[in-house]
Undergrad: 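Shown below is the structure under consideration.
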Amino acid sequence: MSGDDVRALVNYYARAGYGRHVQTVCGEALRSRPGDPTLSFWRAFGLILEGSYSEAIAQLESLMERREISLACVAASIHAHKMARIVDEESVDALEDRMHRE
């Protein structure tokens, strides 16, 4: 599958709210392009769509140091923290501070 096909599928599935499909497409594409930060971000975003917030936050934290996706990871982490059943206000404040700095 070409990069444009993967991007189109991920965008479609993410907009439709199909988190499992986003993860599946990204997982398959990561087999041929291991370490691609954009695909890893979207796979973590698929976890957010499914409600697996703690797992998504863990994956996003490992990706935050990648310059090309750091702002997207911070924003997605803030969203995941706020959607979680128990909100970690301290982490949200730290992430919001980081967002304003970037």
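Keep in mind it's a predicted model, so treat the numbers as computed, not measured. In this chain, residues are counted from 1 in sequence order.
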Undergrad: NE2 of His81 to CG of Leu60: how many Å apart, nearest 0.5 Å?
TA: 9.0 Å
Undergrad: Once rounded to the nearest 0.5 Å, what's the spacing between atom CG of Leu30 and atom CG of Leu39?
TA: 4.5 Å
Undergrad: Calculate, to the nearest 0.5 Å, the distance between atoms CZ and CG belonging to Arg20 and Leu49 respectively.
TA: 11.5 Å
Undergrad: How far apart are the C-alpha atoms of Glu50 and Arg43, what are their side-chain angles, what is the distance that settles it, and do they pass the salt bridge (Lys or Arg N to Asp or Glu O under 4.0 Å) test?
TA: CA-CA 11 Å; Glu50 284 195 319; Arg43 186 174 58 186; over 6 Å; no
Undergrad: To the closest 0.5 Å, what do you measure between CD (Gln23) and NE2 (His21)?
TA: 11.0 Å
Undergrad: Do Val6 and Arg33 pass the side-chain contact (heavy atoms from CB on, under 4.5 Å) test, and can you show the C-alpha distance, the side-chain angles, and the key distance before you say yes or no?
TA: CA-CA 12 Å; Val6 170; Arg33 292 179 286 199; 3.7 Å; yes
Undergrad: Would Leu95 and Leu71 show up in the same hydrophobic cluster when neighbours are defined by side-chain heavy atoms closer than 4.5 Å?
TA: yes
Undergrad: Nearest 0.5 Å please: distance from the CZ atom of Phe41 over to the CD atom of Gln59.
TA: 11.5 Å
Undergrad: Side-chain contact test, heavy atoms from C-beta onward, threshold under 4.5 Å: evaluate it for Ser70 versus Glu65 and give yes or no.
TA: no
Undergrad: In the single-linkage hydrophobic clustering (I, L, V, M, F, W, Y; side-chain heavy atoms under 4.5 Å), do Trp42 and Val74 co-cluster?
TA: no
Undergrad: Between Ala44 and Ala56, what is the shortest heavy-atom contact and its length?
TA: O-CB, 3.5 Å
Undergrad: Find out if a path of hydrophobic residues (ILVMFWY) with successive side-chain heavy-atom gaps under 4.5 Å connects Leu63 to Leu47.
TA: no
Undergrad: Quick one: closest heavy-atom pair of Val87 and Lys82, and the distance?
TA: CG2-O, 3.8 Å
Undergrad: Is the CD atom of Glu90 crowded by more than 12 outside heavy atoms at less than 6.0 Å?
TA: no
Undergrad: Return the OG to CD distance between Ser77 and Glu96, rounded to the nearest 0.5 Å.
TA: 12.0 Å
Undergrad: Please find the pair of heavy atoms, one from Val22 and one from Val10, that lie closest to each other, and give the distance.
TA: CG2-O, 4.1 Å
Undergrad: What about Phe45 and Tyr53, same hydrophobic cluster or not, with Ile/Leu/Val/Met/Phe/Trp/Tyr joined at side-chain heavy-atom distances under 4.5 Å?
TA: yes
Undergrad: Please confirm whether the backbone N or O of Asp5 pairs with a side-chain atom of Ser2, one donor and one acceptor, at under 3.5 Å?
TA: yes
Undergrad: Please answer: with hydrophobic residues joined when any side-chain heavy atoms are less than 4.5 Å apart, are Ile48 and Met64 in the same cluster?
TA: no
